[in-house]
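Computed from a predicted structure; not experimentally measured. Quick note: residue numbers are just sequence positions, from 1.
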Amino acid sequence: MQKQFVTEYIKTLDGEKSVKKAGFVVENPKEFAQELLSKDYIIREIKYQLNKQIDALNVPKGYVIQKLLQIAQFSLEEEDILDKDGNFTGKRKLRDSSAGLKALESLCKYLGFSSTNPEAYKEAKIITISNLDDKKI
């Protein structure tokens, strides 16, 4: 039943539903799911099954890295801002900064650049094109 729970959990990421679909009969499925997910052997089995699925896809790591880089580069390029009539306003913006940053975040995680040490992250000031001037460069 625990293996079935893991299989269902990987499909849905919903502990409560996974407990029910695995056939457990408990008073509080949500609480029971949290209990299961706190066990090391359940976490190991989830990781094992996920890695098995990833290996079955047989996607080369280089391909994933290349695609994430392409998404980041495209999304973080500047483009002209047009008014409602399609005329150039003289201003520029990033195509899709949230998609670009998400791709870079995924790339960092994929390459193992993430840190579990909260002190490793330093506060940064956000500078946008609108508040950028020569003194800040």
Taking the side chain as every heavy atom from C-beta outward, state whether [X] and [Y] have any atom pair closer than 4.5 Å.
{"X": "I71", "Y": "L107", "value": "no"}
{"X": "K102", "Y": "E105", "value": "yes"}
{"X": "F5", "Y": "I42", "value": "yes"}
{"X": "L94", "Y": "E78", "value": "yes"}

Are [Y] and [X] co-members of a hydrophobic cluster defined by side-chain heavy atoms under 4.5 Å apart?
{"X": "Y48", "Y": "Y41", "value": "no"}
{"X": "F74", "Y": "L68", "value": "no"}
{"X": "L50", "Y": "Y9", "value": "yes"}

Identify the heavy atoms of [X] and [Y] that sit nearest to each other, and give their distance.
{"X": "V19", "Y": "P29", "answer": "CG2-O, 3.7 Å"}
{"X": "T89", "Y": "L82", "answer": "CG2-C, 3.8 Å"}
{"X": "T12", "Y": "S18", "answer": "OG1-OG, 3.2 Å"}
{"X": "M1", "Y": "A22", "answer": "O-CB, 3.6 Å"}

Side chains of Q49 and K52, donor plus acceptor under 3.5 Å: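 Q49 vs K52: no donor-acceptor pair found between side chains.
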
Is it true that Q73 and E77 share a donor-acceptor pair across their side chains at a distance under 3.5 Å?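 Q73 and E77 do not have a side-chain donor-acceptor pair below 3.5 Å.
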
With rounding to the nearest 0.5 angstrom, report the [atom1] to [atom2] distance, [X] to [Y].
{"X": "Q34", "Y": "E16", "atom1": "CD", "atom2": "CD", "answer": "9.5 Å"}
{"X": "L101", "Y": "S106", "atom1": "CG", "atom2": "OG", "answer": "11.0 Å"}
{"X": "D83", "Y": "K91", "atom1": "CG", "atom2": "NZ", "answer": "11.5 Å"}
{"X": "E45", "Y": "L36", "atom1": "CD", "atom2": "CG", "answer": "12.5 Å"}

Can you list the residues that meet the salt bridge (charged side-chain N to carboxylate O under 4.0 Å, His left out) rule with E79, with sequence neighbours excluded?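 With sequence neighbours excluded, E79 shows a salt bridge (charged side-chain N to carboxylate O under 4.0 Å, His left out) to K93, R95, given in chain and number order.
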
So does E31 have more than 12 non-hydrogen atoms from other groups sitting under 6.0 Å from CD?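 Result for CD/E31: open.
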
Would you indicate whether Y63, at its atom OH, is surrounded by more than 12 heavy atoms from other residues, nucleotides or ligands within a distance under 6.0 Å?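 Not buried by this count: 12 neighbours or fewer within 6.0 Å.
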
